Amino acid sequence: MIIQKIETFQTHVPLIKPFKTALRTVTAAEAIIVKITCEDGRIGWGEAPPTAVITGETLQSIEGAIHYHLKPALLKGDLLNHEEIFHRIQACMTGNGSAKAAVDMAIYDLVAQRSGLPLYQFLGGYKNRLETDFTVSVNEPSEMADDARQYIREGFDVLKVKVGKDDIEKDIRRIQAIREAIGRHVQIRLDANQGWGAKEAVRAIKKMEDSDLGIELIEQPVPAHDLNGLKWVTDQVDTPIMADESVFSPLQALEVIKNRCADLINIKLMKAGGIHQAIKINVLAEAAGMECMVGSMIESRLGITAAAHFAASSRNITRYDFDAPLMLAHDFLEGGANYEGKQIRLSENPGLGIKHIHLEKGRITNDGKVSS
């Protein structure tokens with residue numbers, strides 16, 4: 001299985017509704033799609049969305065990383081020796097996790113295809129169905145409550161609520177409005193996206209605990225670099241704390257685990273640089289008795305399919321944040337993971353199970369057509 005060709009394509013798909021966090025507002029899902037072709041004719045696919053405020057990457061930097069660094073390192077490489085290929089991906093440049101992830105997932109797609117197994121089985125085969133949460137963007141409390149009601153009507157029973165914008169008191173009003181709107185049976189997890197300082201995080205979380213708002217966990221309450229602050233918050237409150245932006249690499253995961261800076265870790269392929277590195281993070285966490293969630297950026301069903309196969313392969317991954325494709329105005333993928341409301345069913349076809357992507361040439365435009 002010799003790598004013969006590596007190509008990239010650019011996509012732009014509008015969101016049904018703007019996605020708002022403490023870090024950014026997104027109105028369209030943009031990405032670089034990677035297509036790797038082997039000499040035997042097999043094709044593997046990957047996706048890299050630019051998330052400059054988190055990974056530091058743009059569409060232009062992703063394409064540059066792939067064509068000027070990753071492609072020269074990988075062309076003519078033999079996927080039967082895929083451990084060497086994955087080493088080359090990490091060794092040819094530092095950072096650039098999304099660019100690496102797109103290439104990594106395309107290679108896993110190819111290797112699993114050759115094995116004749118769907119990727120989740122190739123990686124471990126724990127399950128083939130997952131349930132995703134749905135994200136409530138940060139807005140005015142009344143709008144967030146209305147959105148939460150709508151998502152519950154659509155069948156979701158776990159909501160990931162964005163906070164960390166404006167002041168703590170307003171964040172608490174947001175959660176109160178949502179809880180009043182949806183009742184007690186729905187699970188709420190919060191994501192502050194680094195929006196609080198350690199002291200205000202503790203103050204806010206304790207107030208939520210005292211108010212019996214029923215918060216399952218709180219994700220990345222403090223800035224990514226502040227591991228001391230993250231640990232202090234974790235030690236001071238009863239609500240489980242999840243590290244997200246604080247953990248990109250296995251080495252960073254080891255630091256969080258060793259010092260028990262958090263109770264859980266959110267693994268994202270775009271932070272980790274692909275499935276190969278994500279596996280290492282999950283193994284470290286499992287050895288320490290720490291469960292993981294697998295999340296995503298604003299990605300199409302292509303990137304989520306790869307993430308879902310990884311997530312489904314391990315019993316230590318217990319939470320799934322794969323709602324991004326449901327936010328998009330249209331879909332350009334045939335095959336891959338299939339959504340049935342909150343349920344995600346993985347294809348039993350080899351690899352990622354992708355039948356076709358409408359990217360023969362050019363760029364996907366807002367109406368879903370490919371232009372030259």
Side-chain angles (χ1 to χ4, degrees), residues 13-21 26 28-29 47 49 118-121 125-139 143-162 178-191 214-217 219 266-269 291-315 317-349 352-355 357 368:
V13 181
L15 270 62
I16 297 168
K17 178 176 179 166
F19 177 78
K20 299 179 182 179
T21 75
V26 182
E47 178 181 10
L119 181 57
Y120 80 91
Q121 286 187 345
Y126 182 61
K127 61 171 74 172
N128 67 352
R129 284 181 179 266
L130 308 171
E131 287 190 6
T132 183
D133 59 17
F134 204 94
T135 303
V136 180
S137 288
V138 60
N139 285 297
E143 183 176 354
M144 293 177 73
D146 289 342
D147 287 343
R149 284 192 199 95
Q150 179 60 35
Y151 304 146
I152 299 309
R153 284 195 293 267
E154 293 171 1
F156 295 91
D157 52 20
V158 180
L159 298 180
K160 179 175 177 176
V161 179
K162 294 292 187 178
I178 290 171
R179 183 54 84 191
E180 289 171 7
I182 63 176
R184 303 293 304 181
H185 69 286
V186 176
Q187 199 168 64
I188 293 177
R189 54 185 63 144
L190 304 186
D191 185 1
I215 306 303
E216 179 206 3
L217 61 85
E219 187 175 342
N266 185 357
I267 303 172
K268 294 175 181 172
L269 300 189
E291 294 178 359
C292 292
M293 177 165 84
V294 176
S296 67
M297 306 303 184
I298 300 298
E299 303 170 37
S300 78
R301 211 158 43 83
L302 172 54
I304 297 299
T305 293
H309 274 273
F310 160 62
S313 72
S314 170
R315 66 187 299 275
I317 297 169
T318 56
R319 296 164 177 85
Y320 317 99
D321 182 27
F322 294 148
D323 57 347
L326 303 175
M327 302 178 186
L328 306 187
H330 59 77
D331 187 7
F332 52 78
L333 188 71
E334 294 180 23
N338 181 48
Y339 281 78
E340 300 165 355
K342 66 183 178 181
Q343 294 276 343
I344 301 173
R345 179 171 50 83
L346 299 179
S347 169
E348 296 302 317
N349 291 326
L352 295 177
I354 295 169
K355 296 178 182 177
I357 298 179

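Heads up: numbering here begins at 1 and tracks the sequence. These figures come from a predicted structure and were not determined experimentally. Just so it is clear, the values below take in all heavy atoms, side chains as well, and ignore hydrogens, waters and symmetry mates.
Judged purely by atom type and a 3.5 angstrom limit, Glu299 uses its side chain to pair as donor or acceptor with the backbone of Met297. When atom types are taken as modelled, the side chain of Arg179 and the backbone of Gly214 share a donor-acceptor pair closer than 3.5 angstrom. Judged by distance alone, with hydrogens and angles left aside, the side-chain atoms of Glu47 form a donor-acceptor pair with the main-chain N or O of Ser300 at under 3.5 Å. A donor-acceptor distance shorter than 3.5 angstrom exists from the side chain of Asp323 to the backbone of Thr135, with no hydrogens or angles considered. For the pair Arg301 (side chain) and Phe332 (backbone), a donor-acceptor distance under 3.5 Å is absent. Under the 3.5 Å distance criterion, the side-chain polar atoms of Thr305 are matched with a main-chain donor or acceptor of Ala337.
Residues Tyr339 and Ile304 meet the side-chain proximity criterion, which asks for heavy atoms closer than 4.5 Å. Inter-residue side-chain proximity for Lys162 and Asp191 is flagged as met; some heavy-atom pair is nearer than 4.5 Å. Counting only heavy atoms from C-beta outward, the side chains of Leu15 and Leu328 approach each other to under 4.5 Å. Looking only at side-chain heavy atoms (C-beta outward), Phe156 and Thr132 come within less than 4.5 Å of each other. At least one side-chain heavy atom of Asn266 sits less than 4.5 Å from a side-chain heavy atom of Glu219. Contact check for Tyr126 versus Ser314: no side-chain heavy atoms found under the 4.5 Å cut-off. Contact annotation: the side chain of Ile182 never approaches that of Tyr151 to less than 4.5 Å [non-hydrogen atoms, C-beta and beyond].
Atom NZ of residue Lys127 and atom CG of residue Leu346 lie 10.5 Å apart, to the nearest 0.5 angstrom. Between atom CD1 of residue Ile357 and atom CG of residue Asp331 there is a gap of 9.5 Å, rounded to the nearest 0.5 Å. For the atom pair Arg129 CZ and Ile344 CD1, the distance stands at 11.0 Å (nearest 0.5 Å). Going from atom CG of Asp157 over to atom NZ of Lys342 covers 3.5 Å, rounded to the nearest 0.5 Å. Atom CG of residue Asp147 and atom CD1 of residue Ile152 lie 11.5 Å apart, to the nearest 0.5 angstrom. In this structure, CG in Leu130 is found 12.0 Å from CZ in Arg345, a value given to the nearest 0.5 Å.
The two atoms that bring Phe134 and Met327 nearest to each other are CZ-CG, 4.3 Å, heavy atoms only. Nearest heavy-atom pair, Phe322 versus Gly295, reported as atom, atom and distance to 0.1 Å: CE2-O, 4.0 Å. Residues Ala148 and Leu159 come closest through the heavy atom pair CB-CD1, 3.7 Å. Nearest approach of Ile298 to Ala29, heavy atoms of both residues: CG2-CB, 3.7 Å. Ser137 and Pro18 make their closest contact through OG-O, 3.7 Å (heavy atoms, listed as atom of the first residue, atom of the second, distance). Among all heavy-atom pairs drawn from Gly353 and Ser347, the shortest one is CA-OG, 3.8 Å.
Electrostatic pairing of Glu143 and Lys17 counts as a salt bridge here, judged by a charged N lying under 4.0 Å from a carboxylate O. Between Arg319 and Glu291, at least one side-chain N (NZ, or NE/NH1/NH2) sits under 4.0 Å from a carboxylate O, which counts as a salt bridge. A salt bridge does not link Asp133 to Lys160: none of the charged nitrogens lies less than 4.0 Å from a carboxylate oxygen.
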